[in-house]
Each structure stands twice: as C-alpha cells, then as structure tokens.
Amino acid sequence: MAKTLSLNEIRQRCVQLVIDWRDEPGEEKQQAQSFVRHLLSAYGITGNKAALYEKRAKRTSTGRQGYIDALIPGLCVIEMKSRGKDLAQAEIQALDYIDDLAEIETPRWIITSDFFTFRILDLHATDGEDATEFTLEELPAKMEHLAFLAGYQQREFGSKEQELASIKAAQLMAGLYEELEGSGYDDHEASVFLVRTLFALYADDSGVWERDLFYEYLETRTSPDGSDLGGQLTMLYQALNKRPEHRQRNLDEMIQRFPYVNGGIFAEPLSIPAFDSGMRDKLLRACAFNWSDISPAIFGSLFQAVKDKKARRELGEHYTTETNILKTIGPLFLDQIKEQFAANAHNVSGLNKLRKTMGEMRFLDPACGCGNFLVVAYREMRTLDLQILQRLQELGDHTATAFFVKEDLPVRAEHFFGIEIEEWPARIATTALHLVDHQANQAMELALGMAPEPLPLGTVETIYVGNALRTDWLQIVPRSEQTIIMGNPPFLGHASRTEEQARELRDVWEREDIGRLDYVTGWYKKAIDFFGMMTKGRFAFVSTNSITQGEPVPALFGPIFAKGWRIRFAHQTFTWTSEAPGAAAVHCVIVGFDRNEKTAPQLFTYETVRSHAVAVPARNINGYLLDAPSVFVEQRRTILAADLPPAVFGSMPRDGGHLLVGVEEIDEVRQDPFAAKYLRKFVQAKELIRNEDRWCLWMTDLDPSDVSKSPILKERLEAVAKFRSESKAASTREMASTPYLFGQRSQPNVDYVCIPRHFSETRHFATVSHFGPEVICGDANFKAEDPDGFLFGVISSSMFLAWQKAVGGRIKSDLRFSNTLVWNTFPLPKLSEPQKQSIIDAGQQILAARALHPDRSLAEHYNPLAMSPEILKAHARLDRAVDKVFGSRTTLTTVQDRQQVLLRKYAELINSEMLPSK
C-alpha cells in the first residue's frame with residue numbers, strides 16, 4: 001500500500017537518483033523526461049496524473065507554440081536544459097509559458113535543471129530573495145528545498161497568498177454545492193458529502209496519500225457523462241472508512257491503493273447522489289487546484305457560507321481574518337507562553353516544564369462556528385511546541401525527540417473544544433482541526449525529520465452541536481485553572497433578540513430584568529459560572545462595543561468584578577469583519593479576564609475604528625475599557641454637578657407633519673398674513689448639524705379668529721386633529737382637542753443650548769449651537785436653558801466629549817447623548833464666578849469664529865480634516881479653561897487623559913454625596 005514518503009525515505013531515493021545520473025551526459029531531447037520522472041518518483045509522484053509531461057503551451061513573448069517539460073497543475077513547472085546551459089534563461093522561458101496557463105494551473109514554483117544543477121524559484125516569495133541553486137550531488141542534503149513535491153508545504157500562515165487560495169478553494173466548493181443542490185440531494189447528506197470531498201481534495205495535494213490519487217481515480221474510474229460518479233465516490237468513501245484487511249477482496253485495485261482514514265469523516269452511511277457531466281467537470285477542475293495552500297481558518301469561514309446563494313456570490317468579501325483572531329488569543333494566553341519560551345531559552349528543564357504546562361491546557365470556544373478560533377489557537381500552540389523541540393535539540397536534549405507518535409505530543413487536537421448551534425459549521429470545525437493537525441505534523445517532519453503518521457486520523461469528538469446558553473459547559477470540558485475560554489459569540493442587541501433568546505438570557509443571568517444587555521453577555525455569565533470558586537481562570541470574547549457603553553456597563557461588569565475577576569486586556573472599539581458574507585463590519589471590542597494574576601493589564605487603543613491597534617500601558621482597565629478607576633456610572637434623575645441646569649427633550653409635534661413647513665411650502669405660508677405670524681424656525685438634529693431650512697407653526701399664543709380667516713391654518717389644523725384622533729395611542733388621541741399645539745412642548749423663554757441626540761464620533765467636538773427662544777427646538781434634540789452661554793462652553797469642550805465617549809451609549813460608533821446618563825452624571829466641580837466667566841468668554845470666541853463663515857454648517861465647521869484655524873484656536877482656549885477647573889495643572893492632550901480625570905472626579909463626587917451631612 002502506497003503512503004506518503006517520510007523525509008528520510010525521500011533522502012534515500014535522492015541518493016539513488018544521484019548515483020544513477022551523475023555520469024549521464026545530460027541531453028535535453030533524449031533524457032529530459034526520464035530525469036524528471038525519476039526526480040518526481042523520488043518524492044513519491046508516479047504515473048501520468050500528477051504531472052503533465054510535454055504540456056503544450058504558447059510563449060507569450062513570441063506567440064509561438066512550445067512544450068513545458070513537466071507541469072504539476074497549481075504547484076510547479078519543470079523546465080530541463082542540456083548540461084551546461086543557462087538556467088536563468090530556462091527560467092525566463094518557463095515564466096513565458098506560465099502566462100498561457102489557466103488560472104487554476106498556475107504554479108507557485110519553477111524548477112529548472114541542466115541535469116547537474118537545480119534552480120528553484122518561489123513565485124510567492126515577497127522578500128526579494130533570489131532563486132535557490134544547488135548541484136545534483138548536493139540534492140540529498142538539500143532535498144527539503146523540493147519537499148513541496150511530496151506535499152510538505154512551508155507556508156506563512158495568514159499570508160495574502162493563503163487568503164487568496166482559500167477564497168478560490170471556497171468558490172470551487174460553492175460550485176460543487178450548486179450541482180448537489182440542483183440535483184435535489186438531501187441537504188444534510190450534501191453537507192457530509194462536501195466535507196468528504198474537501199478532505200479528498202486536500203489529501204491529494206498535501207501528502208496524506210499518493211499525490212493526485214483521487215484525481216486519477218475520478219479520471220479513470222468514472223465515465224465522462226458523470227452518470228456513475230455518485231456511485232463510484234460512494235464506493236470510495238465507504239472504503240476509506242475501512243481498514244484494508246476489512247475491505248472486500250475483489251474491490252477495485254485502485255480503491256485498494258487508498259489508505260484507511262478513520263477520524264469519523266467517512267463513517268456515516270449516505271444515499272448515492274446522482275450527477276452529470278457538469279458535476280464531473282467541476283470536480284476535475286477542483287482537483288487541478290492546489291488545496292495544500294489553503295488556510296483551514298480562513299477557508300472554514302468561507303466554506304460555512306457556500307450553502308447560502310447570496311453568500312456564494314460574495315465569497316471572499318467577508319471573513320474573519322487571522323489577525324483579528326490573534327488579537328484575542330495573543331494577550332489571553334499565547335504571548336505569555338512565548339515570553340516563557342524566551343525566558344527559558346537556555347534551560348532544558350524549564351523548556352520541558354513549559355511543554356508539560358502546554359499539554360495541560362484545554363481550550364473551549366462556546367460559540368465556535370466553523371472553528372476558526374480553535375484552528376488558529378491549535379496551530380499556534382503546535383508551532384510553539386515545535387520551536388521548543390528544536391531548541392531542546394540545539395541544547396543537546398534529544399530525549400524529547402527520540403521518536404514520535406501522536407501520544408508524545410503535549411498539544412493535541414482533542415484538547416480543543418467547541419459548542420456550535422448548527423450542524424454544518426460544527427462539521428466544518430471538526431474537519432478544519434484535522435487539516436491543521438496535518439499541516440502541523442508536516443511542519444514537524446520538515447523541521448525534525450519525524451512526526452506522527454498522518455493516517456489513520458484520530459477521531460475529533462470535541463465539537464458539540466447545541467445551544468451554548470442551554471448547555472452545561474462542565475459536561476464538555478472539566479473545570480480547571482488551565483482551561484481557556486474564548487470566542488466570538490453572536491451579536492444581538494436588546495432590540496434584535498428573539499423572545500426565546502431573551503428568555504435564555506434571563507435564565508442565564510437568573511433575573512427577569514435584563515435591561516439593555518446584549519445577547520453576548522450570556523456567554524460572559526456562563527464563563528464565570530464555569531470557573532465558579534476556582535482561584536484562577538481566563539476567558540475572552542469579541543463583543544459589540546455596546547457592552548462597554550452606557551446602561552449595560554454596570555449590569556455586565558458589576559457581577560464580574562464582584563466575583564474577583566479583573567480585565568487582563570482589552571481592545572477598544574474597532575471594526576471586526578463578520579464571517580457572514582454580505583454583513584456589515586461591526587463595531588467591536590475584545591475583553592479578556594483573569595483572576596488572581598499579577599501581570600500588568602494591556603489596553604489596545606485605536607486612532608480610528610479602522611486603524612491598527614496601539615498597546616498602551618495601563619494600571620487598571622475598567623468596564624468602559626479605560627485606564628481609570630473601576631467605577632460605574634448609572635442613570636440619575638438628579639444632576640450631580642451643582643452648576644448645571646436640566647437638559648430635556650425638545651418639543652415633539654406629533655402632528656402627522658401638518659404643523660411643519662418645508663422649503664417648498666414656505667412661500668405659500670408667508671403669503672398668508674394670518675398663518676405667517678406663527679411661523680418659527682424649527683430645528684431637528686439634521687437642521688442643526690446640516691444648517692438646513694425648516695419651519696413650523698408655533699401657536700402657543702393663537703388668536704382663534706385667525707383660524708377662520710386663514711384657509712392654510714384651517715386645513716392644517718383639521719389634518720392634525722384627524723391624525724391624532726385616529727392614533728392607536730390614547731395620549732395622542734387626547735391631543736386632538738388642541739390641534740394647534742405641539743403634542744409635547746418644552747420651549748424655553750430664554751436663550752438655550754441645543755444638543756442633537758446623536759453626533760458623529762469622528763468629530764473632535766460636539767456639534768451643538770446656541771439659540772434664542774424664537775428658534776423652536778425639536779424632539780430630535782435636547783435643550784438646556786443657557787442665558788449667559790456657560791452651558792454652551794461646557795458642552796463644547798473636549799472634557800465633555802471625553803465624558804460622552806466614556807459613559808454614553810452609541811448607535812454603531814456615533815455618540816448618543818442622554819440627559820440621565822451623560823448630562824446628569826457629568827462630574828463638573830463647583831465653579832467660582834471667575835472660572836465660569838472664563839468658560840463663557842471662551843464659548844463666545846467659538847461663536848465668533850463660526851460667524852466668520854456664516855454660510856458653513858456645523859458639519860462643515862467641524863469636519864476633522866478642514867477645521868478653520870480660528871475655530872481650532874477658540875476651542876483650545878476653551879479646553880484650557882475647562883481642564884483647569886478640573887484641577888489639571890498640565891495640558892491634557894488625549895481623550896484617555898481626560899477620561900481618567902473625569903472618572904476620578906466622578907468617584908470623588910459620588911463618595912462625597914454619600915457622606916452624611918454634618
């Protein structure tokens with residue numbers, strides 16, 4: 001039975017090749033094909049299927065037809081020359097041919113040889129390195145440079161090449177699924193069949209069995225019309241689940257060449273699918289692709305989406321990048337292991353102890369999807385273990401590498417557990433773990449010359465199908481301080497979760513009032529319940545940034561901190577690309593916890609949500625993901641600061657639009673003298689920020705006789721009365737008796753500051769304005785009486801915006817103003833009259849700077865890329881005045897600096913408020 005050659009076997013075959021060819025004349029025409037066949041045979045490639053000899057191709061430089069000496073589609077081109085010929089020119093010739101190949105045939109490597117010298121060029125190399133050259137006599141010692149021929153791949157995980165290969169592979173699988181779907185094959189069976197076919201395609205290229213054995217089977221054992229394809233594949237897949245000695249003796253000899261796979265992939269019996277020539281053609285095209293180049297993590301995300309028609313069209317546009325996964329697992333556990341490796345680099349005992357510790361670790365992703373967190377974590381742990389083994393060899397300790405079977409590995413696939421609610425992604429997760437396990441073993445074989453045998457596969461029974469919030473995690477993974485919990489649970493806000501999901505959340509939190517808690521918080525509660533009273537533990541989740549804003553912060557982090565957990569690391573808001581094709585990028589945070597550990601917490605900040613993370617030192621990370629005291633800012637009905645008046649909603653028309661006057665209606669209303677005298681400028685958030693014109697009929701002082709004199713007033717008030725009387729809300733129906741009044745009125749009689757409910761996070765200052773009482777403030781804004789401009793100065797400051805960003809809620813990344821959560825809690829100290837006047841004067845300077853360009857809207861004034869020098873100067877003056885009243889003796893330059901000051905002041909004011917009065 002043929003099997004993948006070990007590197008030692010390949011080396012021995014290369015020695016024989018040198019012996020057989022060292023004295024040959026090396027004539028291209030007579031001996032090239034024989035030499036190439038012998039070379040490929042040394043690496044386990046036999047027959048005509050893996051390599052295409054004398055492949056006809058056009059030279060793009062001349063347009064003339066020629067022949068490639070040998071092509072292994074998707075892997076390499078081999079071009080032979082007579083002894084002594086220029087191999088660089090042969091390489092140029094090979095490149096000339098490549099341009100004429102189909103995309104799926106395009107190779108990664110070019111091998112040129114004159115029988116005496118080998119030259120190898122990696123077309124994916126990005127470091128500018130030249131081609132590698134060595135002589136025939138050096139081949140046994142340098143045979144690793146051609147190990148890719150046997151399926152040993154040296155790859156940079158997470159590279160652009162792997163991403164592109166994974167996208168292409170997923171597109172090929174999507175085409176196969178379309179054929180299955182079109183044939184009416186059962187969806188569950190189609191899922192199982194696709195996973196089996198994926199494994200066979202990968203095994204064909206990666207050294208699991210003879211190279212291109214599956215390809216050869218399809219070509220030689222199935223008819224061109226595809227009529228027997230389903231039956232032949234079913235027979236093959238059944239055989240792969242049986243040891244050779246248990247197979248039928250009269251089974252096709254070619255099926256007998258396939259090894260026993262096991263691992264559960266081929267265990268389930270399936271009905272025979274019916275295929276046609278189109279399906280067979282697509283499967284053969286898939287065989288021509290080099291599947292060993294895929295990343296199991298990236299491909300898993302994409303493979304999960306092939307069953308959705310819209311998702312198939314967008315494959316490659318959205319998937320979870322490995323960079324984002326490493327943002328979680330790096331500071332959670334991986335970085336620390338790397339540091340311990342470095343610290344013990346010269347200590348054999350320390351390195352062996354570290355390997356033992358790694359072997360005791362267990363990993364759980366309780367929302368694992370297609371398993372990409374588990375796959376990347378397993379790959380990184382295996383990579384680290386291999387590096388430790390290599391270092392132990394360098395230090396002269398060969399006991400750990402004397403021999404290897406699977407049980408000798410401290411880190412194994414069965415240490416990685418997942419819970420997934422759907423069967424299809426769970427099946428992908430299991431398969432992806434098998435693939436990355438094989439890749440890790442290949443890397444070990446390359447580095448150490450030994451590794452566990454690729455087959456039979458071990459059975460991965462650690463991915464469970466079920467609802468994680470209804471599952472006892474302790475039934476899956478034993479409670480242990482060495483257990484790491486991590487993942488990316490579903491993003492569902494309080495408004496989008498179903499009744500059943502809300503019930504799950506209530507049951508997990510063991511309370512009926514769950515407020516605005518996101519669905520993801522159920523995983524946090526399950527994690528702290530899992531660890532119970534254990535002294536240590538670690539967990540981290542990717543979550544929507546809503547959990548670190550506003551009302552949910554004390555509801556989530558309060559119980560976690562109360563159990564003795566602290567934030568080990570945190571990524572502030574950034575965009576996380578969803579796995580689901582078509583889904584928008586979500587604004588996320590990552591929060592990792594530990595208990596009873598002394599390491600300094602790590603805080604990762606982002607200049608913008610799409611910027612790269614910057615690590616900043618932190619003393620303590622609180623629930624708002626700030627380096628500040630762990631205080632919780634909760635809604636207040638009273639104002640904390642003595643010098644702030646109430647901020648309330650503006651007036652709500654509740655009129656069906658009939659009391660409002662748009663630009664296209666204004667001339668008609670102005671021409672009616674009775675209606676015109678009630679016209680007022682009306683400002684909602686859009687009009688405030690964009691400087692757009694809108695008016696309303698404000699009739700708090702209505703003269704009833706004007707209604708009978710004005711057709712416009714009569715028509716509009718009748719329409720308001722009708723709209724209100726037909727409302728389903730009793731409170732609105734009651735308003736029908738006063739159709740001339742806004743439904744809710746709160747217009748001040750003095751100057752006031754107008755605050756939009758939402759404003760963009762990208763702007764450096766709040767887009768607020770100061771109006772007289774003649775401008776009617778709509779309910780899309782808040783307003784606060786401000787006769788002297790003091791409030792305008794306060795809310796226009798960087799200090800206030802820092803508070804808003806710290807404790808306020810958001811819509812995506814836009815800031816959401818709240819009077820009870822942001823305004824009433826703003827910890828403004830008690831001010832002296834001179835301090836107040838300095839803020840008023842600075843606010844007036846801002847208004848004066850705006851007035852220099854009265855045609856500009858607030859959006860234009862505060863475009864972060866185009867603010868005028870006058871406005872910037874005025875705001876800098878205001879910030880100095882406000883920062884000073886908070887006790888700052890130095891210039892505060894960052895949002896984080898101000899937030900630390902604010903939270904300390906908040907804690908101080910809250911504590912003083914709680915002290916008994918004397």
Side-chain angles (χ1 to χ4, degrees), residues 323-343 354 357-358 360-367 373 376-377 380-381 384 473 477 479-489 520-521 523-543 545 547-548 553 556-574 576 588-606 613-632 896 900 903:
T323 300
N324 273 346
I325 295 170
L326 289 167
K327 286 180 181 179
T328 305
I329 68 174
L332 183 61
F333 64 89
L334 199 59
D335 294 345
Q336 185 178 35
I337 298 174
K338 291 178 179 178
E339 290 167 5
Q340 292 173 348
F341 176 29
L354 178 56
T357 299
M358 291 167 64
E360 293 168 350
M361 296 172 70
R362 298 295 181 268
F363 302 85
L364 170 65
D365 182 349
F373 269 79
V376 174
E380 294 298 313
M381 288 288 285
L384 269 171
W473 297 1
V477 187
R479 180 178 283 150
S480 164
E481 292 182 357
Q482 283 73 45
T483 299
I484 304 291
I485 298 175
M486 60 194 177
N488 183 10
V520 72
T521 64
W523 276 259
Y524 286 81
K525 178 60 163 57
K526 292 280 287 188
I528 63 174
D529 289 347
F530 172 88
F531 287 106
M533 299 304 294
M534 298 200 73
T535 57
K536 290 189 176 182
R538 293 186 199 177
F539 66 95
F541 295 118
V542 182
S543 311
N545 62 355
I547 68 165
T548 63
V553 176
L556 171 62
F557 290 92
I560 296 176
F561 291 162
K563 294 285 188 180
W565 295 90
R566 63 135 194 185
I567 296 179
R568 174 186 180 86
F569 74 95
H571 283 262
Q572 294 178 341
T573 299
F574 67 100
W576 176 284
C588 292
V589 295
I590 304 173
V591 191
F593 294 86
D594 64 26
R595 188 154 59 177
N596 295 323
E597 295 201 27
K598 302 297 184 183
T599 56
Q602 289 182 283
L603 183 60
F604 297 89
T605 66
Y606 295 79
V614 176
V616 296
R619 290 188 294 269
N620 176 73
I621 302 175
N622 66 17
Y624 302 96
L625 305 194
L626 301 170
D627 182 10
S630 291
V631 296
F632 296 115
Q896 288 77 17
Q900 289 175 355
L903 285 166

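In this structure, F363 and F333 have tilted ring planes: the angle between them lies in the 30° to 60° band.
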Report the C-alpha separation of Y524 and F541 in whole Å, then their side-chain angles, then the decisive distance to 0.1 Å, and conclude whether the ring-ring contact (aromatic ring centres under 6.0 Å, His included) test is met. CA-CA 8 Å; Y524 286 81; F541 295 118; 5.2 Å; yes

Please evaluate residues R362 and Q482 with respect to the criterion side-chain contact (heavy atoms from CB on, under 4.5 Å), reporting the C-alpha separation (whole Å), side-chain torsions for both, the decisive distance (0.1 Å), and the verdict. CA-CA 6 Å; R362 298 295 181 268; Q482 283 73 45; over 6 Å; no

Checking side-chain hydrogen bond (donor to acceptor under 3.5 Å, both in side chains) for the pair T605/Q896: CA distance, chi angles, key distance, verdict? CA-CA 10 Å; T605 66; Q896 288 77 17; 5.3 Å; no

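Nearest approach of A540 to G592, heavy atoms of both residues: CB-CA, 3.5 Å. Taking all atoms of both residues into account, the shortest heavy-atom contact from F561 to N622 is CZ-C, 4.4 Å. When all heavy atoms of I547 and T521 are compared, the closest pair comes out as CG2-CG2, 4.0 Å. Closest non-hydrogen pair, P559 versus I528, comes out as O-CD1, 4.5 Å. The two residues V542 and P489 come nearest to each other via the heavy atoms O-CD, 3.5 Å. P331 and L326 make their closest contact through CD-O, 3.9 Å (heavy atoms, listed as atom of the first residue, atom of the second, distance).
Taking the side chain as every heavy atom from C-beta outward, L626 and Q572 approach each other to under 4.5 Å. F574 places a side-chain heavy atom less than 4.5 Å from the side chain of I590. Residues T483 and F530 are in side-chain contact: their nearest non-hydrogen atoms beyond the backbone lie under 4.5 Å apart. Between I621 and V591 there is no side-chain heavy-atom pair separated by less than 4.5 Å. Using a 4.5 Å heavy-atom threshold, the side chains of Y606 and T573 count as separate. Between P601 and N620, every side-chain heavy-atom pair lies at or beyond the 4.5 Å cut-off. A 4.5 Å side-chain heavy-atom check between F604 and V614 finds every atom pair outside the cut-off. Within the 4.5 Å cutoff, the side chain of F531 has heavy atoms near those of the F539 side chain.
Here the straight-line distance linking atom CG of N324 with atom NE2 of H571 works out to 9.0 Å at 0.5 Å rounding. Here the straight-line distance linking atom CZ of F593 with atom CD1 of I485 works out to 12.5 Å at 0.5 Å rounding. Note: T599 OG1 to Q336 CD = 6.5 Å, rounded to the nearest 0.5 Å. Expressed to the nearest 0.5 Å, how far CG of L625 lies from CG of N545 amounts to 9.5 Å. The structure places CG of L384 at 8.0 Å from CG of L354, a figure rounded to the nearest 0.5 Å. The CZ atom of R566 sits 11.0 Å away from the OG atom of S630 when rounded to the nearest 0.5 Å.
Panel note: side chain R619, backbone D627; no donor-acceptor pair is recorded below 3.5 Å. Side chain of N596 to main chain of T535: a donor-acceptor pair is present (N/O by atom type, distance under 3.5 Å, no hydrogens or angles).
Residues forming a ring pair (Phe, Tyr, Trp, His ring centres under 6.0 Å) with F569 (at least two apart in sequence, or on another chain): none. Residues passing the ring pair (Phe, Tyr, Trp, His ring centres under 6.0 Å) test with Y624, sequence neighbours excluded: none.
Across L364, I329, I325, a single residue satisfies side-chain contact (heavy atoms from CB on, under 4.5 Å) together with M486, and that is I329. Under the side-chain hydrogen bond (donor to acceptor under 3.5 Å, both in side chains) rule, D594 has a single partner from R568, K536, R538, which is R568.
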